[in-house]
Each structure stands twice: as structure tokens, then as C-alpha cells.
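Here is how names work: the chains are called A, B, and so on, in the same order as the sequence lines, proteins then strands, and each is numbered from 1.
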Amino acid sequence: MAKPEVKEAYPSGDDEGLTQQQYLTFMLGGETFAIGILAIKEIIEYGNLTEVPRMPEFIRGVINLRGAVVPVIDLSARFGKRATQVARRTCIVILEVDNGDGDTQDIGILVDAVNEVLEIPESDIEPAPSFGASIKSQFINGMGKVNERFVIILDIGHILLIDELSALAAGQPEMEEAIAQDDEA
Amino acid sequence: MDMDDALQTFIAEGRELLEDMEAALLGIEHDPENPETVNAIFRAAHTIKGSAGLFGLDYLVSFTHVVESVLDQVRAGELAVSTDLVAVLLTSCDHLSDLLSWVSTGEENLNDDMQRKSASIEQRLSTYLSGSSVAADVVESSAQEADAAAAEENDVCAAQDAAVSDQDLWHLSLRFGHDVLRHGMDPVSFIRYLATLGTIHHIETLWDELPAADKMDPESCYTGFEISFISDESKETIENVFEFVREESSIRIFTPDSRREEYIRLIQELPEEDMKIGEILVRCGTLTRCELEAALSSQQQSDESLKPIGEYLLEEKAVQPEVMSAALNKQKSVKDARPPEASLIRVDAEKLDTLINLVGELIIAGAGTNMIAQRSGMPDLMEATETLSRLVEEVRDSALNLRMVQIGATFNRFQRVVRDVSQELGKDIVLKISGGETELDKTVVEKIADPLTHLVRNAMDHGIEAADIREAKGKPAQGNLKLNAYHDAGSIVIEVSDDGGGLSKEKILSKAIDRGLISDGSGMADKEIFNLIFEAGFSTADQISNLSGRGVGMDVVRRNIEALRGTVELDSEPGKGTTVKIRLPLTLAIIDGFLVGVGNSGYVIPLDMVVECVEYGAWKESGSNSSCLNLRGEVLPYIRLGDYFDEASSGQRRERESVVVVRYGEHKVGLVVDRLMGEFQTVIKPLGRMFSRISGISGFTILGSGEVVLILDVPGLVQEAESYFSEHEKRAISA
């Protein structure tokens with residue numbers, strides 16, 4: 001696997017429309033996923049995580065990010081797969097997400113390894129398939145075609161919906177079910 | 001300055017002024033003789049009018065003007081303070097607040113509704129105005145130019161000139177401060193007011209300070225006046241005319257029998273050229289030309305060493321003794337009456353938060369340095385870091401203090417609520433406030449106002465009986481409502497108590513059973529029964545009034561208080577009254593913490609709540625398996641934190657387990673931990689939305705090593721232990 005590198009850095013005179021098409025790709029359980037880079041604040045090495053007791057598996061704990069306490073989500077567990085095993089290349093990607101109050105909150109996601117920043121033109125992005133994907137379709141923003149292969153572009157806003165996470169944290173699964181039903185309807 | 005920002009500031013300040021005005025109006029009912037109160041009200045109205053003028057808010061200016069005119073008459077003693085007048089003024093106050101809200105909408109003109117309201121209140125106010133008084137004369141817009149008016153005054157003077165030339169004159173030397181216009185003061189209105197106390201003989205306007213047109217700030221005041229004046233009033237009365245501008249302006253008043261030396265001093269002290277002032281004094285008729293010449297020549301000879309000005313003044317009898325003592329008394333009463341006003345700086349709350357965040361990081365960094373110093377074992381370094389951490393602690397305390405506000409202002413707001421509600425209910429109720437100087441975090445203060453309002457209204461509506469019932473019961477007809485606050489073990493306690501009928505246990509029980517809240521009331525302590533009224537959907541009032549009694553009040557109160565990490569408790573004695581106790585954490589930001597280890601994790605317990613630490617061994621050996629420990633004969637429910645948080649224990653418990661006894665309110669609970677790791681200053685990092693529903697944990701904190709640890713939610717744990725304990729007991733009894 002290649003070292004993480006920025007393939008398409010911000011060229012000078014870049015406009016909003018172009019940066020919108022840049023994605024960070026990363027590995028999770030052997031699959032490649034992508035996130036739009038606008039939501040990403042930074043990528044840090046895994047370490048010094050404090051577990052929070054009585055939390056569901058997908059909330060791994062909290063870390064100290066230069067004085068701020070940031071929760072870390074195990075993305076794999078969030079997708080209903082087995083919990084991520086920490087290895088040498090395990091990273092925490094710090095994301096800035098809308099907390100529903102018009103404010104933003106930082107959340108870290110645990111990934112197996114980060115790959116690179118790619119540019120995926122809109123024409124190469126297909127809508128999410130209604131079935132057949134390895135994760136719930138409402139978590140998918142689209143399928144990006146890169147080198148004749150598809151990477152799953154994640155809908156971070158949906159995956160890290162704070163209200164839903166906190167409801168799940170309190171042991172109330174109804175909300176997710178409700179959303180799932182909504183989706184099917 | 002950005003006009004929008006300025007407007008926001010105006011609205012915020014306006015609201016504060018209205019609060020002051022309301023408080024003063026409520027005060028004046030009880031103490032109509034206090035001139036300071038009248039002045040405070042007048043000042044508030046005047047400042048709002050002045051600022052509104054700056055923004056061209058005509059509807060606000062014209063309405064405030066009418067209010068001000070009435071107040072002016074009150075101030076001048078032409079109008080007596082009556083309950084009706086206060087009522088109208090309070091209504092005006094409310095309307096002004098509405099008008100300010102209207103300003104924030106950004107609409108240029110009032111809608112019909114508001115206009116009608118303005119007009120009707122103005123109508124009511126104008127009945128108090130006695131036709132052609134001076135106050136009514138000030139009808140012109142507040143942004144009037146000083147020079148036009150000064151010219152006007154000049155004419156008046158000229159006319160009177162001849163008549164009074166041989167009479168001895170007062171002399172007033174006025175240099176208004178640059179900011180008076182910005183503060184809503186119009187120099188001309190002071191001179192107008194002065195004219196009501198006597199006759200202005202001559203007036204000279206001084207323009208010397210006026211800079212070149214390009215350097216001039218149109219909002220600044222550059223004018224000075226020299227006035228000769230005929231009046232029989234005392235020096236104090238004349239001085240009082242300029243009370244509002246005394247601080248920022250230079251006001252000198254000379255009695256008719258003033259001696260030449262004082263004029264000489266005036267000539268010397270004023271920034272303008274000596275000769276010119278002299279000329280002006282002559283023109284004013286204060287000095288004759290030969291007096292001036294004598295004065296100027298004697299001035300050259302009198303090069304005596306400078307005496308302290310006070311001594312000089314006394315020697316010269318420039319200050320009349322009664323004026324002096326009056327001034328001193330005044331100063332004192334001003335200090336007593338309004339300490340918050342003059343000494344405040346308006347700071348953006350965000351700046352404060354940034355500072356506190358930085359102090360928080362400083363504490364974390366400091367703790368890290370301390371740890372390294374300890375490890376290095378260098379005595380010098382340890383000493384230095386010790387000093388450093390003491391200073392950091394002080395910085396922390398003062399930074400936190402910045403956020404602390406006295407609860408008195410919030411309490412005082414209830415004077416109005418009590419006044420209005422008691423009139424509405426036809427009950428005679430007085431509000432007694434104590435502990436108003438108790439401080440707590442500003443964010444807490446803001447959020448406590450609503451629950452308090454609920455409690456106060458409830459007490460007035462349901463608690464305190466009507467006057468005839470009270471008399472029948474042998475109580476004084478006037479009901480008492482008390483608001484009290486004090487600090488207790490790291491929390492602040494706020495009490496709302498009334499001397500009304502108290503709660504009826506039977507009524508609560510039957511209602512609770514009715515509503516299915518409990519199955520039967522046997523074995524419940526009185527307190528538990530009373531606290532049922534905080535359950536959702538509970539209301540004991542038979543009749544629903546528009547104040548309270550919809551059964552939504554009390555549970556909302558409890559929810560709001562719990563959201564602040566506080567608790568609420570109620571105690572009642574039939575026939576004597578009810579007391580509601582709200583207990584809140586003092587601060588939301590930084591605390592002294594006690595670090596304990598459980599399994600592989602650390603937990604922080606707020607130090608204020610720790611009572612003592614006891615070794616657990618003795619109890620373990622006795623093999624007792626009950627839900628409580630025997631602490632020197634006291635029953636102590638306890639929680640094993642390791643089990644509670646499912647901490648993976650490191651095989652066998654090798655460590656010496658300890659019991660940390662914590663107290664919250666009246667409850668004590670033991671927490672069994674593996675290790676005691678000592679005190680730490682900790683910065684509370686809020687749980688954030690994601691962990692908002694977690695139990696047993698109230699926040700995060702960061703240790704010197706950079707590790708994140710959890711802060712225990714002691715009130716929550718205490719409650720859980722208590723309920724577990726009582727359940728266990730019940731089972732034990734039934735078994």
C-alpha cells in the first residue's frame with residue numbers, strides 16, 4: 001500500500017467547486033471508503049484513548065486533542081461489523097460535524113489506515129445503490145469510480161448524527177430503527 | 001463604530017437602565033423622600049432619550065420625553081409620588097421595553113398597535129404635567145445644538161443686565177466634559193434647569209477648546225460657559241443642578257460673598273488665557289475692572305508654596321461646612337445605593353470564556369510541569385513549580401470570579417413580579433430578600449430565573465392564603481415571601497419560602513394515587529410525599545388560575561434545575577408555610593478534584609463533596625454483604641465503583657481498597673475505589689451532546705500527563721445509591 005500522499009493538492013486559484021470534489025480515502029476492514037475533505041480537520045495517530053464506561057461498542061472513548069476532549073467513534077462498529085483492532089497504522093480522523101444546533105463539534109473516527117486525497121469528478125460519482133452495499137444505504141453519499149474500482153463515499157452527517165449517537169449511547173436503539181423504517185418506506 | 005453594533009449596545013444598555021428604573025420605581029413607593037431614587041429614575045429615562053436621539057429613533061425619543069417631563073417635575077418637587085403615578089410609570093417602563101424590542105426588529109416606524117399604546121400612556125402621563133412648566137419647555141429634540149440655545153440665553157441675559165448690576169452675583173464656571181453629549185446630557189438643559197432656580201444675569205460661551213473643523217468630533221462637547229447668576233438658593237441646591245455631569249466636567253461655583261483670591265485661582269486654573277477669563281468675569285459683572293487689576297497684580301506677588309487644595313479651600317471658606325458634610329453624606333449614600341453602576345466594565349462574554357479556557361489549559365500544563373518536577377527530584381525546580389502552581393491557583397480563582405455575579409439582581413427582579421401578582425390576586429404580600437450578595441456563575445444565574453419565577457408565583461398563588469383566611473387563622477394579614485441564598489459545601493442553596501398554609505399531605509397522596517404516580521402512601525416519609533409534586537402532571541390546586549395550576553410548573557422546575565446539575569427539595573409545615581430549596585453547583589468550569597483509581601482508569605471526585613477516606617479492609621474481612629457500611633455507628637450506603645462502571649479488575653484485588661465518603665446535601669454515600677491518588681486542580685470539560693445521557697459521569701477533565709479522565713457525578717451516584725439502598729432494605733424487611 002502506498003504511503004498516504006496528497007495527489008491533488010490545492011492548486012492556486014482553486015475555487016470552492018473544485019475542492020468539493022476532493023476526498024480522503026481510507027481503509028476499513030479491507031474496504032476502501034472516502035470522505036469529502038471539507039469536513040476533515042486533521043489526522044492523528046491512535047493513542048492515549050480513555051474509555052468511557054457503559055457505552056456501546058462503537059463509542060471507543062475520548063481523547064485529548066490539545067486540551068479539548070474529543071469523542072472517538074469506531075466506524076466499523078458503527079456499521080455493525082466487528083470492532084476495529086488497533087494496529088500499527090490505525091489512525092483517528094478528526095471531523096467537524098454539525099451538532100444540530102447550528103454549531104459544530106469535533107468527532108474522531110477510528111480507521112485502519114488512511115490512503116490519499118483524491119479528486120473524484122462529479123461525473124464519476126454514481127448514486128448509492130439501494131441494496132447490495134456492505135453498509136446501510138443511508139450512510140452512503142454515493143459511489144465514486146477510481147481507477148475502475150468503486151469507493152464508497154460516506155455521508156458523515158448521517159453516520160455521526162449527534163442526537164442519534166447520544167440516543168444510542170443511552171441505550172435507545174429506536175431512533176435508528178425509525179430512520180431505517182423511514183428509509184424503506 | 002459599526003452602527004449596528006452601536007445599536008445593539010444601545011438596546012442592551014437600555015434594558016439595563018430600564019431594570020434600574022423599575023427597581024428604583026419599586027423602591028420609591030416605600031421611600032418617596034429619597035432624592036437619589038428619583039434621580040436614578042430620571043437619569044435612566046434621560047439617558048435612553050439621549051441615546052435614542054443619536055440613533056434617530058423618534059418614536060422612542062418622543063415617548064421617553066413625556067416620561068422624562070413627568071419625572072422632572074417629581075425631581076423638582078412639583079409632583080408628589082403616588083401609587084397611581086408609580087403604576088403609570090411602571091407601565092411606561094414596560095412600554096419602553098417593548099419599544100426597545102421594536103427597535104431590535106429594525107422597522108423604522110411603529111405599527112398602529114404600538115402607536116396607540118404609546119399615545120394612551122402618554123395621555124395618562126400628561127395628566128400629571130402641569131401645563132407651562134419648564135420641563136414641558138424642553139420639548140425640542142434632544143440633539144439640539146448648544147450654540148443656538150446659548151445665543152438664546154444671551155438675549156435673556158442682556159435684557160436683565162441693567163436691572164441687577166449692583167446686586168452681588170453667584171458665579172458659575174462650567175466646562176463640560178467631552179463625553180457629556182454621548183452620555184445623553186445636553187448642556188443647554190442644565191442651564192435651563194439652572195434658570196428655574198434664579199435669574200441668569202449674564203452668560204459667556206467659550207469656544208476655545210473647539211478644534212479645527214477637520215479634527216472636530218461632532219459627538220463631543222467642546223463648550224464652556226461662564227455664568228453670573230442671581231439666586232437665593234443654597235450652594236448645595238445649585239451644585240445639585242450639575243449632579244449628572246459633575247464627574248466628567250469641571251464645575252466651579254462661587255458664592256456671592258466669594259473673595260477675590262478665589263477668582264484669582266479660577267483664573268489660574270482654567271486652561272484659557274488669564275487675561276481672557278478676567279475679561280469675561282468683568283463682562284459677567286462678577287468683578288469690576290479695578291478688582292480684576294488688583295487681582296492680577298496680587299497674583300504675581302503671591303508665590304506662596306502650594307497648600308493641599310482641601311486645606312486651602314477650608315481656609316478660604318470656599319466650601320461651606322454644610323455643603324461639605326452634605327457632599328460626604330451624599331457620597332456615602334450614593335455608594336450604598338448604587339454600587340454596581342459606576343465601577344463596571346462591559347466585557348464580551350466570549351472574551352471571558354476564552355480567558356477561562358486559557359486558564360484551564362494553564363492549569364493542565366502546570367500540573368504536567370509539577371509532575372515532571374516531582375519526578376526529577378530537583379529541590380530548586382520543585383520549589384519553583386510550587387510557587388508557580390500557587391500563582392496559577394490564584395489566577396484561576398480570580399478568572400472564575402470574573403464570571404461570578406451576585407444573585408441579588410435576579411432576586412430584586414422579583415419585587416416587580418410579587419407586586420404585580422399580589423395585585424392581580426388581591427393579596428397583600430411582601431417579598432423579603434436575604435443573601436443577595438451570594439455569588440454564582442453567570443450562566444447559572446441566567447438559567448435559574450425561570451424556575452424561580454415559577455416557584456415564586458406558585459407560592460403566591462397556592463401557598464399564601466387570602467388576607468381574611470390568614471386573619472381567621474391568627475396570622476398577620478400581610479403574607480411573607482422570602483428569597484434566600486447561601487453557600488454550602490461547594491454548592492449554592494437558594495430558598496423560596498412562604499408563610500402560607502403549607503402543603504396537605506393527604507391531598508398530595510390521594511392525588512398521586514389518582515394519577516397513578518404511586519400505588520399507596522404507606523411507609524413514605526413526609527419529605528418524600530411533598531416531593532411528589534415535582535412529578536410530571538401533578539397539580540394540587542383545585543382551581544386552575546392563569547398564574548399557575550396547570551400542573552406543568554413543578555416538573556419543569558425540577559427538569560430545569562437538574563439540567564444545571566442541581567437538585568430541588570421541598571419542605572412544608574401545615575399552617576406555617578412551605579420552603580423550596582434549590583441546590584446548584586457553584587461553577588461550571590474549574591474545580592478542585594480528588595483523583596481515585598478504579599481498575600485501570602482514573603476518576604475525579606469534586607473535592608468539595610469529599611468528607612473523608614476510610615480503609616475498606618475492615619469491612620471486607622467482616623464479610624458483610626449488605627448494601628451499606630457501618631461508619632462509626634452511622635448507616636452508610638455504598639457503591640463499588642469497579643462494579644458500577646464494569647471496570648475489568650486486574651484479577652485479584654491486590655490493592656488496598658478504600659472508601660471515599662462523599663456528601664451531597666443531606667446524604668452521605670461511600671464509594672469503594674482501588675487507589676487514592678490525591679488532589680488535582682481540574683478543568684471541567686462538558687460531556688457534550690454525545691454523552692449527554694450518560695449516568696454516573698458529569699464531565700471530563702485532562703490530567704497533567706495529557707490523559708483524559710472522567711469526573712464522577714456525585715449527586716447522581718448518591719441518588720442511585722440511596723434508591724438502591726432503600727429498595728434493598730424493603731426487600732430485607734419483606735423477606
Side-chain angles (χ1 to χ4, degrees), chain A residues 44-74 77-78 92 94-110 156-157 159-175, chain B residues 354 356-368 590 595 597-604 639-649 682-713 716-717 720:
Chain A
I44 56 170
E45 205 181 330
Y46 175 85
N48 255 335
L49 183 125
T50 301
E51 281 181 32
V52 180
R54 300 171 143 201
M55 282 286 123
E57 197 180 29
F58 72 85
I59 297 182
R60 278 300 269 256
V62 288
I63 53 164
N64 168 14
L65 185 70
R66 293 187 300 280
V69 175
V70 176
V72 176
I73 302 292
D74 185 334
R78 175 79 177 107
I92 297 172
I94 309 291
L95 301 169
E96 202 175 68
V97 295
D98 192 0
N99 71 359
D101 282 343
D103 225 358
T104 59
Q105 189 187 343
D106 290 348
I107 293 185
I109 56 170
L110 201 60
I156 284 301
I159 296 168
L160 302 180
L161 203 64
I162 308 278
D163 283 335
E164 194 180 330
L165 292 181
S166 79
L168 287 171
Q172 296 167 353
E174 304 91 44
M175 199 163 167
Chain B
T354 316
I356 288 175
N357 279 341
L358 283 174
V359 171
E361 287 188 36
L362 188 65
I363 288 169
I364 295 165
I590 302 177
L595 186 66
V598 180
N600 297 319
S601 322
Y603 292 91
V604 169
I639 294 176
R640 296 190 71 94
L641 281 185
D643 299 343
Y644 185 82
F645 290 125
D646 301 325
E647 283 292 343
S649 63
T682 48
V683 182
I684 302 180
K685 303 278 179 184
L687 285 170
R689 290 270 296 263
M690 187 172 298
F691 300 109
S692 56
R693 303 188 208 177
I694 193 173
S695 62
I697 302 293
S698 65
F700 299 111
T701 187
I702 298 173
L703 297 185
S705 60
E707 191 192 344
V708 180
V709 295
L710 306 167
I711 301 172
L712 294 180
D713 171 23
L717 287 171
E720 220 162 308

- Message: For a quick test of reading the model, state the closest non-hydrogen atom pair linking A/Glu51 to B/Leu710 and the distance between them.
- Response: O-CD1, 4.0 Å
- Task: Check each atom of A/Ile107 against the heavy atoms of chain B and say whether the ones under 4.5 Å are side chain, backbone, both or neither.
- Result: side chain
- Verify side-chain contact (heavy atoms from CB on, under 4.5 Å) between B/Phe691 and A/Val62, making sure each step is shown before the conclusion. CA-CA 10 Å; B/Phe691 300 109; A/Val62 288; 3.7 Å; yes
- Item | Contacts of A/Asp106 that satisfy salt bridge (Lys or Arg N to Asp or Glu O under 4.0 Å) - sequence neighbours left out | A/Lys41
- Item | Part of A/Leu65 lying under 4.5 Å from any heavy atom of chain B | neither
- Message: Under the rule for side-chain contact (heavy atoms from CB on, under 4.5 Å), what residues qualify as partners of A/Asn64, not counting sequence neighbours?
- Response: B/Ile702, B/Val708
- Could you tell me the separation between the CG atom of A/Leu49 and the CD atom of B/Glu707, rounded to the nearest 0.5 Å? 10.5 Å
